[in-house]
Amino acid sequence: MDKQKLIQEHPQIKDLMAKKPIVWRNPDYGERAPLPLSRAQIFDAVARWERFAPYLERVFPETVATHGVIESPLIRIDRMRAAWEMLNHQSLHGQLYLKADSELPVSGSIKSRGGIYEVLKFAERVAMQRSDLTYLDDYGVLANSDYHRLFAQYGVIVASTGNLALSVGIAAASFGFKTTVYMSHDARQWKKDRLRANGVTVKEFDTDFSSVIPLARQAAAADPHCHFVDDEGSTDLFLGYAVAAVRLQHQFKKQGIKVDAKHPVVVYLPAGVGGSPSGVAFGLKMIMGANVHPVFCEPTHVPSVTLGMMTKLNEKISVQDIGLDGLTAADGLAVSRPSRIAGKIMRTLLLGSVTFNDDDLFEYVSELIDTQKITVEPSAAAGFTAIKPLTTAVPELGGANVTHVVWATGGDMMPVSERERDYQRGTTLLTHERFN
Ligand SMILES: *Cc1c(COP(=O)(O)O)cnc(C)c1O
């Protein structure tokens, strides 16, 4: 990789190398271009989730109240908005909402969307090929022991920094699939413990996600009965995430949030490999169109999706190629090489991206607890860091008519000890800030 040439072509790479927070505006945003996935495929995924609702209701008691629908609340957070204004010494003119995927059933993270969806699709295929399931059956039968014995002849493998393993692992184990997860060095002990308690085989590696994933891919390729959930390129994962937009459109309507040329919506999505934010953003653009503006948020040490999209090299460049260490306290965002599909699909659909310092996450984690009693994991607070730089760089999105949606991607499953540690780190930083 010729760094000098890269900097010449893309001067912002110099700031990325210096770990300075940046706003990158995507020059291709809004251009018309053919896309490899369609709106119809999102509705195919919506219908599959509906077919599986009776199954989910049966095996995951926390979904009984919603009749097997796995969805998170959209919460207006006025007290947090006030805290944001204090912290940033400026007004936030628009409205502020939290899309609380931190509360999604099964994994307590956005991974419940893509990860579970991909497992459902695999289970449906096996059940149709090897048994007599039809599309109009009550899929609750898939929880019966004869199906369990059938699924036990098949395996599911996934590599993950943590949350994808939780969602795929728990969902796959519920069907009886032999489930193996490959976990990178940054995966938390409690996630491994929880997976093992669910009967999942956990393989631990002391390298980062980008080097663990090829090992998992190889292991799966060697076994024809084994399905590999490919976080770097799966369209099923992608479509599972995209379904969020169909649900959000309805939540906007119910809560009286307008989406039109006079009332734009900015949606802030933390990006790791880029799959979940791109899947959601693709859905938003397909379902709600030009007046919803997706923005990605990444750590200054790991701006992998930003770097891939800026250079258009996508998965062919990693943050190590420009001398970054790829380390962050934001679990799930420590992915140094982006997805093979995310950046390409986002080329014309992403407004831009913003990079942040890790410390800022913890301040917002603490503020969110203090003001709204909502706990999220550090990566899930990334959107709060992006509002100020984004509205400064794009003033037309800084008005009173704008709705800002921070996508809180995870946190509900965190043990109390971790919540307390994150909260303390944030509170200490805030105190320091106030007295200096
Ligand atoms: C996985 C994850 C992300 C990022 O998703 P990618 O698909 O890796 O880009 C963000 N936040 C949390 C909490 C996650 O688990």
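Each ligand, and each atom within it, is numbered from 1 in the order the structure gives.
Where the criterion is an N or O separation shorter than 3.5 Å, residue side chain and backbone included, Asp231 fails it with respect to ligand 1. Residue Asn163 has at least one nitrogen or oxygen atom sitting less than 3.5 Å from a nitrogen or oxygen atom of ligand 1, judged on distance alone. Taking any N or O of Pro270, backbone or side chain, none lies under 3.5 Å from an N or O belonging to ligand 1.
Not a single heavy atom of Val335 sits less than 4.0 Å from an atom of ligand 1. Judged by the shortest distance from any of its heavy atoms, Ala380 lies outside the 4.0 Å radius around the atoms of ligand 1.
In this structure, Phe151 and Phe177 have tilted ring planes: the angle between them lies in the 30° to 60° band. Using the six-membered ring where Trp is involved, Phe205 and Tyr182 have ring planes that are parallel, under 30° apart on the 30 and 60° scheme. Ring-plane geometry between Phe122 and His227 is classed as parallel, the angle between the planes falling under 30 degrees on a 0 to 90 degree scale with a further cut at 60.
Taking every non-hydrogen atom of Thr409 and a distance limit under 4.0 Å, the qualifying atoms of ligand 1 come out as 10 (C), 11 (N), 12 (C), 13 (C). Close approach of ligand 1 to Ala271 is summarised as follows: ligand atoms under 4.0 Å from at least one heavy atom of the residue are 9 (O). Remark: ligand 1 atoms within the under-4.0 Å shell around heavy atoms of Gly275 are 6 (P), 7 (O), 9 (O). Here is the list of ligand 1 atoms found below 4.0 Å of a heavy atom in Pro277: 5 (O), 6 (P), 7 (O), 9 (O). Less than 4.0 angstrom separates some heavy atom of Leu333 from each of these atoms of ligand 1: 3 (C), 4 (C), 10 (C).
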- For Ser174 and Tyr55, what are the C-alpha separation, side-chain angles and deciding distance, and is it a side-chain hydrogen bond (donor to acceptor under 3.5 Å, both in side chains)? CA-CA 10 Å; Ser174 81; Tyr55 172 83; 2.7 Å; yes
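Of the protein's non-hydrogen atoms, Val273 N, 2.9 Å is the one closest to atom 8 (O) of ligand 1. The shortest contact between atom 4 (C) of ligand 1 and any protein heavy atom is with Gly272 N, 3.5 Å. In this structure, atom 1 (C) of ligand 1 lies nearest to the protein heavy atom Lys111 NZ, 1.3 Å. Distance from atom 5 (O) of ligand 1 to its nearest protein heavy atom, with residue and atom name: Ser276 OG, 2.7 Å.
Panel note: side chain Ser109, backbone Gly410; no donor-acceptor pair is recorded below 3.5 Å. The main-chain N or O of Ser366 is never found under 3.5 Å from a side-chain atom of Arg425 such that the two would form a donor-acceptor pair. With Asn26 contributing its side chain and Leu350 its backbone, the two residues share a donor-acceptor pair below 3.5 Å.
No more than 12 heavy-atom neighbours from other residues, nucleotides or ligands sit within 6.0 angstrom of CG on Asp206. The number of heavy atoms from other shown groups lying within 6.0 Å of NZ (Lys388) is above 12. With a 6.0 Å radius and a threshold of 12 heavy atoms from other residues, nucleotides or ligands, Lys14 has its NZ atom at or below the threshold.
Between Glu118 and Lys111 there is no salt bridge, since no side-chain nitrogen of the basic residue lies less than 4.0 Å from a carboxylate oxygen of the acidic one.
Counting heavy atoms only, Gly274 comes closest to atom 9 (O) of ligand 1 of the residues Gly114, Gly162, Gly274.
Contacts of Val305 with ligand 1, taken as heavy-atom pairs under 4.0 Å, are absent altogether. When non-hydrogen atoms are compared, ligand 1 lies under 4.0 Å from the side chain of Ser379 (C-beta onward) but not from its backbone.
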